[in-house]
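Taking it in order: structure first as C-alpha cells, then the write-up.
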There are 2 protein chains.
Amino acid sequence: MDRAENRFGGDTLAAGSATLNPLYKEVKSRLTRGLAGGEWKAGEAIPSESRLAERFGVSIGTIRKAIDELVAERILLRHQGRGTFVATHTEDRTLFYFFHIVAKDGTRELPVTELLSFRKARADALEAERLALQSGAPVFRVRNLLKLSGKPVIVDEIAVPAALFTDLDRDVFGGREGTIYGLYQAQYSITVTRISERISAGRAPARIAALLGLDTGTPALAIRRVAYTYDDTPVEYRVSWVNTEHHEYLSDLWRTRGNEP
Amino acid sequence: MDRAENRFGGDTLAAGSATLNPLYKEVKSRLTRGLAGGEWKAGEAIPSESRLAERFGVSIGTIRKAIDELVAERILLRHQGRGTFVATHTEDRTLFYFFHIVAKDGTRELPVTELLSFRKARADALEAERLALQSGAPVFRVRNLLKLSGKPVIVDEIAVPAALFTDLDRDVFGGREGTIYGLYQAQYSITVTRISERISAGRAPARIAALLGLDTGTPALAIRRVAYTYDDTPVEYRVSWVNTEHHEYLSDLWRTRGNEP
DNA sequence: TTCGATTTGTTCGTATGTATT
DNA sequence: TAATACATACGAACAAATCGA
C-alpha cells in the first residue's frame with residue numbers, strides 16, 4: 001500500500017515527514033508515549049491489534065511488530081484470546097526480574113520488608129547525578145531491612161525524587177501492599193521498566209553490619225541500582241548491602257528462552 | 001496453505017507428526033541443530049532466507065520468525081544485503097556481553113590476560129555438578145591473571161571438561177589470539193551462547209589476594225560462572241575473584257534496546 | 001563508476017488456528 | 001454458540017544495503 005495514504009488525518013502516521021524511522025518504530029514510540037502519558041494504565045488492556053491498526057492507519061503486521069518489541073522489553077504482556085496488557089509490578093512474575101538475591105542452595109523466595117526509617121532530605125552529589133537532579137533537590141530517603149526465611153539478609157537505602165512522588169510519607173510507604181515498584185506504579189503512575197546495577201564488595205558501615213548480623217570487617221555485597229521508567233528517566237537510586245553468607249546475586253543473562261516451557 | 005504439503009520429502013518439515021510445535025519453532029530447532037552439528041561454522045553465512053524456505057518447504061516469513069529468535073539470542077547476526085552469519089567470539093562486540101567488569105568511572109576496557117598455570121586434573125564435586133560430569137572426570141584447570149590499564153584486577157580459575165577439549169595444552173591456551181571463548185570456538189567448535197553468574201562477597205584466598213594486591217581480609221568479589229553452548233550443555237565453570245577497589249560488576253539487564261542507536 | 005543480482009528489511013494483505021469471554 | 005483477540009503461516013511487493021562484473 002502507498003504510505004502516502006497515511007500522511008494525513010487524526011492519529012494516523014506520517015511516513016515521509018519528520019521521521020525516517022520504519023513505521024513500526026513510530027508505532028512503538030506512540031504506544032510508549034501512550035503508556036508514559038497514562039492513556040493506558042498498569043494492568044489495563046490496550047486496544048486490540050485490529051483497532052490499533054485502524055487508528056494508526058497501518059497494517060496489523062506492523063502493529064504486531066511494534067508490540068513484539070514492547071513485549072520483549074516486558075512492558076506489555078500478551079494473552080491469546082484476551083488481549084494485550086500493561087505489565088504490572090504486582091505479580092510475582094515481575095519480581096523475579098527485579099530481585100536477584102537467591103539462596104546459595106538455589107531456592108528463590110520473596111523478601112519480607114521492614115521499614116527502618118523514612119526521611120525527606122536533599123540529594124547529595126551522587127544521588128543528584130544518578131537521578132539526573134540538581135544537587136540539593138528534595139528527595140525521600142527510605143531505609144528497609146529485607147528478611148529471607150525470617151532472617152535479615154539485605155539493607156536497602158532508597159532515594160527517590162520528591163518531585164515525582166508528591167505526598168509520599170512513611171505511612172504510605174510502610175502500609176503498602178505488594179512490592180515497592182508496585183506502590184510506585186499504583187500510587188504514582190510511575191512504572192519501573194529497567195534497572196542497571198553496579199556491584200562491588202566491601203565492608204558494610206557499622207550500623208548496617210549490625211542489622212545484618214555481620215561482624216565488623218566481614219565482606220558484604222554492595223549493589224548500587226538505578227531504576228528507569230518508560231522514557232529512560234531515572235526514578236530511583238538504591239544502595240543495597242547484602243550478607244552473602246547464605247545468599248548470592250544471580251545474573252542469568254539473555255534467558256530470553258525463559259519465556260518458554 | 002495446507003501444511004500437509006510439507007509432510008514428506010528430504011528436509012521439509014512434517015507438521016502433523018511427532019511435533020505439535022509451531023513450524024517456526026521446528027525451523028529454529030533445525031537451525032540450532034545445524035549450528036551445534038557444525039553444518040555452519042562460526043563467522044560463516046547460513047543459506048539465504050529464500051533458500052532455507054525452499055529447503056524446509058515453508059514460507060520466508062516462517063524462516064524469518066525462526067531466525068528472529070536466534071538473532072535475539074545473539075546466536076545469529078543479520079546484515080542487510082550480505083546475509084545471516086553465525087556469531088563469533090572474535091569481535092569486541094561479543095566480549096561486551098561476556099565481560100562485566102568496568103571501571104567505577106564508567107570506562108570499559110578489554111583485559112589483558114596472563115596465564116598463571118595450566119593443569120590436567122580430576123573434577124571435584126562442585127565442578128562435576130556444575131559441568132554435569134561424573135565426579136573425578138578429567139578436566140583442564142587454568143588460572144589467569146587479568147589486568148586492566150596494566151594493573152591486576154581479576155584472577156580467573158577456569159575448569160573445562162577434557163573430553164570436550166582434546167589436546168588442549170598450555171601452549172594452545174597461552175598462545176591464543178583473541179578471547180578465550182574465541183579459542184573454544186575456533187579450535188574446538190564449541191560456541192558459548194549463554195552464561196549464568198552467581199556473585200558473592202568474600203575474602204580471597206591468600207595466594208589470590210597477593211596477586212590482586214589485596215591486604216589479607218580485604219573484601220573481594222567472587223563470581224561463579226557456568227557457560228553453556230547451543231543445546232544448553234555446560235562447557236565451562238569459572239570462578240573469578242575481583243578487586244573492586246576501582247572496578248565493579250555491571251549488570252545492565254534487558255538492554256534489548258541496546259541494539260538501537 | 002555504473003549496473004544488476006543477491007540478500008535482508010519493511011509493509012501490506014489474507015486465511016486459518018486457538019484461547020477467552 | 002458466537003464474537004473477539006492473539007498466534008501462526010502464507011504470499012507479494014518494494015526498499016535498502018552489499019557485492020561483483
Side-chain angles (χ1 to χ4, degrees), chain A residues 1-7 12-16 19-31 40 44-72 76-87 259-261, chain B residues 1-7 12-16 19-31 40 44-72 76-87 259-261:
Chain A
M1 179 189 287
D2 189 344
R3 282 165 61 154
E5 284 187 14
N6 302 326
R7 198 171 317 232
T12 60
L13 296 175
T19 63
L20 302 98
N21 281 334
L23 268 180
Y24 77 92
K25 292 283 186 189
E26 195 57 37
V27 170
K28 181 185 176 186
S29 165
R30 297 281 193 105
L31 292 174
W40 309 294
E44 289 179 4
I46 67 171
S48 71
E49 295 172 352
S50 52
R51 247 189 289 277
L52 288 171
E54 214 178 341
R55 168 166 158 186
F56 290 142
V58 302
S59 77
I60 283 194
T62 301
I63 297 290
R64 280 191 68 80
K65 193 157 179 177
I67 293 180
D68 278 347
E69 294 199 352
L70 292 169
V71 168
L76 293 178
L77 215 61
R78 282 205 262 233
H79 288 293
Q80 184 174 1
R82 296 211 283 135
T84 303
F85 298 83
V86 183
N259 315 336
E260 305 160 26
Chain B
M1 177 188 287
D2 188 344
R3 284 167 57 158
E5 285 189 13
N6 303 325
R7 199 172 313 236
T12 62
L13 295 175
T19 65
L20 302 99
N21 280 336
L23 266 182
Y24 77 90
K25 290 285 186 189
E26 194 57 36
V27 170
K28 181 185 176 185
S29 165
R30 297 281 193 104
L31 292 174
W40 309 294
E44 290 179 3
I46 67 171
S48 72
E49 295 171 352
S50 52
R51 246 188 291 277
L52 287 171
E54 212 178 342
R55 165 165 160 185
F56 291 144
V58 301
S59 77
I60 283 194
T62 301
I63 297 290
R64 282 191 68 81
K65 191 155 180 177
I67 293 180
D68 278 347
E69 294 199 352
L70 292 169
V71 169
L76 293 179
L77 216 61
R78 282 204 262 235
H79 289 292
Q80 185 173 357
R82 297 212 281 135
T84 302
F85 298 82
V86 183
N259 317 336
E260 306 160 27

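Every chain is numbered from 1 and lettered A, B, ... according to where its sequence line falls, protein lines coming before strand lines.
Distances were taken from every side-chain heavy atom of A/Ser48 (C-beta onward) to each of C/dT7, C/dC12, D/dA5; the shortest belongs to D/dA5. Nearest to the side-chain atoms of B/Glu49 among the listed nucleotides D/dA7, C/dG9, D/dA9 stands C/dG9. Nearest nucleotide to the side chain of B/Arg78, out of C/dT8, D/dA5, D/dT8: C/dT8.
Considering only heavy atoms from C-beta on, A/Arg78 comes within 4.5 Å of A/Arg64 through its side chain. Put simply, the side chain of B/Val27 does not reach to within 4.5 Å of the side chain of B/Leu52, judged on heavy atoms. Put simply, the side chain of A/Ile63 does not reach to within 4.5 Å of the side chain of A/Lys65, judged on heavy atoms.
Nucleic acid contact for B/Gly83: sugar-phosphate only, since backbone atoms but no base atoms lie under 4.0 Å from a heavy atom of the residue.
Atom P of nucleotide D/dT4 and atom CD of A/Glu54 are separated by 13 Å, given to the nearest angstrom. Regarding B/Tyr24, its OH atom lies at a distance of 13 Å from the P atom of D/dC10, rounded to whole Å. A straight line from CZ of B/Phe56 to P of D/dC10 spans 13 Å, rounded to a whole angstrom. Per the geometry, CD1 belonging to A/Ile63 stands 16 Å off C1' belonging to D/dA7, to the nearest Å. Taking atom CD on B/Glu69 and atom C1' on D/dT8, their separation rounds to 12 Å, with Å as the unit. Between the CD1 atom of A/Ile60 and the C1' atom of C/dA15 there is a distance of 12 Å, rounded to whole Å. Summarising the geometry, the separation between CG on B/Leu52 and P on C/dT6 is reported as 16 Å, rounded to the nearest angstrom. For the pair A/Leu23 CG and D/dA15 C1', the interatomic distance rounds to 13 Å; values are reported in whole Å.
Contact check, B/Arg64 against D/dA9: no side-chain N or O comes under 4.0 Å of OP1 or OP2. At C/dT11, none of the side-chain N or O atoms of A/Lys65 fall inside 4.0 Å of OP1 or OP2 (strictly under the cut-off). Contact annotation: B/Thr84 reaches the phosphate of C/dT8 (side-chain N/O to OP1 or OP2, under 4.0 Å). A close approach under 4.0 Å does not occur between any side-chain nitrogen or oxygen of A/Ser50 and OP1 or OP2 of D/dT4. A close approach under 4.0 Å does not occur between any side-chain nitrogen or oxygen of B/Arg82 and OP1 or OP2 of C/dT6. Applying the 4.0 Å criterion to OP1 and OP2 of C/dT10, one finds that A/Thr62 has every side-chain N and O outside that range.
Side-chain atoms of B/Gln80 come within donor-acceptor range of the base of D/dA16, with a qualifying N/O pair under 3.5 Å.
Taken from CD1 in B/Ile46 to OG1 in B/Thr84, the straight-line distance is 5.0 Å, to the nearest 0.5 Å.
Closest of all the heavy-atom pairs between B/Leu31 and B/Ala66 is CD1-CB, 4.4 Å.
Nucleotide D/dA16 is matched to C/dT7 when pairs are restricted to Watson-Crick or G-U wobble geometry with both distances under 3.5 angstrom.
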